Amino acid sequence: MSDAAAIQPFARPLSGDARVPGDKSISHRAVLFAAMAEGTSHLEGVLDSEDVRSSMKVVSQLGAQVNLEKGPDGSLSGTVTGWGAAGPVQPDGPLDCGNSGTTARLLMGMLAPWEVEAVITGDESLCRRPMRRNTAPLMKMGVQFEPAEADHLPITEIGTPNLRAITYDAPMASAQLKTAVLLAGVRAQGTTTLNEPAPSRNHTELMLPEFGVPTTAGTRVATVTGPVLMHASDIAVPGDPSSAAFLCAAAILMRGSSICVQDVSLNPARTGFVRTLERMGAKIEDARTGAEGKEPYGSICASYSPSLHGCEVPAQHFASIVDEVPILAIVAAHAKGVTVFKGAGELRVKETDRLQAIMDGLETIGVDAWEEGDNLYIEGDPDLTVAPDVEFDSRGDHRLAMTWAVLGMCAGVPVKIRGFESIAISFPGFLDALRALEA
Ligand code: S3P
């Protein structure tokens, strides 16, 4: 691992307008669904990050033609010609999904109806993450996995053209699991139904109809009816609210700040952090300005908020903040009273054990944070100070790296972050985006 990066504090309050790169979840889906479709899709605003590059690489190995190029705004645009009715080709080697759980888990559903034999693997972090949640329903549909009982990559998948449609009660709210089952269902005979214990992000249900797949989506239930041949589509990706959350949290904590992030996805399944920050007394507001397909987008404006207080996030809402808990934890650490994130167990199986990482990082700066069952508690301190040069370990997790950076930058002291380069997974221009707001 490289040396710890030294992150310098903000010298001035943040102000003005910002844009964030394309939404990671929507970018993955645009690339992957276009690869499955017959014909040539036109994509724009695709996030250029290591995770999305993993999706681009594996679909290329499977025979899709990916011609996406970086434009002046740093996003990727161009075409993807899919394998359509011909199906994917037998890959020349293992499909390495890098750090990307979305790539690996969605791929399992994409490969389900085809007789190719594919080894799915990833980096050390991805190979530690649970996969049985995905292989179990796909096996019910007729897919073979080797080893059959494996919960971890590498796993070999052998699909079948005779997929059975199923009704499946997911044990956890996971859009990655839901999407894998729905993607397999696209080519199964009949209606595949996925029931969830709580609503997870619904980008798949919103985007599949654009590729010609009849889909229904209710709260906690999604269906597709197959078999359908997906056709090419044109997709424009809005900004990533998960990246915007870091900028908003910085404005809320940095005295005198006031910023607006423009053209960001305002899908309600993703803006739980705005609702949570409102409940903590933060000055934050979202406003819809348009929609790309069925995905709403608009602005999120946030200002310095001196009177934050703790709040409770119910388990039913957890999926809507699942990627924002680390940065929300930093805001909670500055709030008066206790904040509780209920049903936070999924954090243990993210890029690293984020529950433990949040508690350990907060302990470093003297903030009390503890878990009880699946709930995460944080006792805030409005007078919180951070000692200069304190060192945090990102554990190779992009969202933790950005979280500790925002903490230090707003605290007015330099901090050190091990594994800071992991920000390239989702937001390579993170520091530049923050520094531009300081001007
Ligand atoms: C994602 C779903 C979530 C999220 C991840 C992206 C997606 O994971 O944490 O960053 O694009 O479907 P789970 O589905 O495992 O909750």
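Counting starts at 1 for both ligands and their atoms, following the listed order. Bear in mind that the values here come from a model prediction, so they are computed numbers and not experimental data.
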Exercise. Measuring from E324:CD to T276:OG1, what's the distance to the nearest 0.5 Å?
Worked result: 9.0 Å
Seminar exercise, completed: atom 12 (O) of ligand 1 has as its nearest protein heavy atom R29 NH2, 2.7 Å
For this session: Provide, to 0.1 Å, the distance between atom 16 (O) of ligand 1 and the closest protein heavy atom, together with that atom's residue and name.
Result: K350 NZ, 3.3 Å
Problem set entry | Cationic N near anionic O, under 4.0 Å, K24 to D240 | no
For this session: Please say whether R133 places an N or O atom under 3.5 Å from an N or O atom belonging to ligand 1.
Result: no
For this session: Determine, using heavy atoms of M172 and all atoms of ligand 1, whether some pair is separated by less than 4.0 Å.
Result: no
For this session: Indicate the atoms forming the closest heavy-atom contact of L126 with G101, along with that distance.
Result: CD1-CA, 3.6 Å
Problem set entry | Residues which pass ring-ring contact (aromatic ring centres under 6.0 Å, His included) with F392, listed by chain and number, not counting sequence neighbours | W404
Exercise. Given C410, which of V331, L253, L14 fulfils the side chain to side chain contact (heavy atoms under 4.5 Å, CB included) condition?
Worked result: L253
For this session: Considering only non-hydrogen protein atoms, determine which one is nearest to atom 11 (O) of ligand 1 and report residue, atom name and distance to 0.1 Å.
Result: S25 OG, 2.7 Å
Exercise. Would you call K350 and D397 a salt bridge, taking side-chain N to carboxylate O under 4.0 Å as the test?
Worked result: no
Exercise. Closer than 4.0 angstrom: is that true for some heavy atom of R201 and an atom of ligand 1?
Worked result: yes
Exercise. Is V322 in contact with ligand 1, taking contact as a heavy-atom separation below 4.0 Å?
Worked result: yes
Exercise. How far is atom 1 (C) of ligand 1 from its nearest protein heavy atom, and which residue and atom is that?
Worked result: Q176 NE2, 3.5 Å
Exercise. Mind checking whether D323 has an N or O less than 3.5 Å away from an N or O of ligand 1?
Worked result: yes
For this session: May I ask you to test the E149-T135 pair for a side-chain heavy-atom distance under 4.5 Å?
Result: no
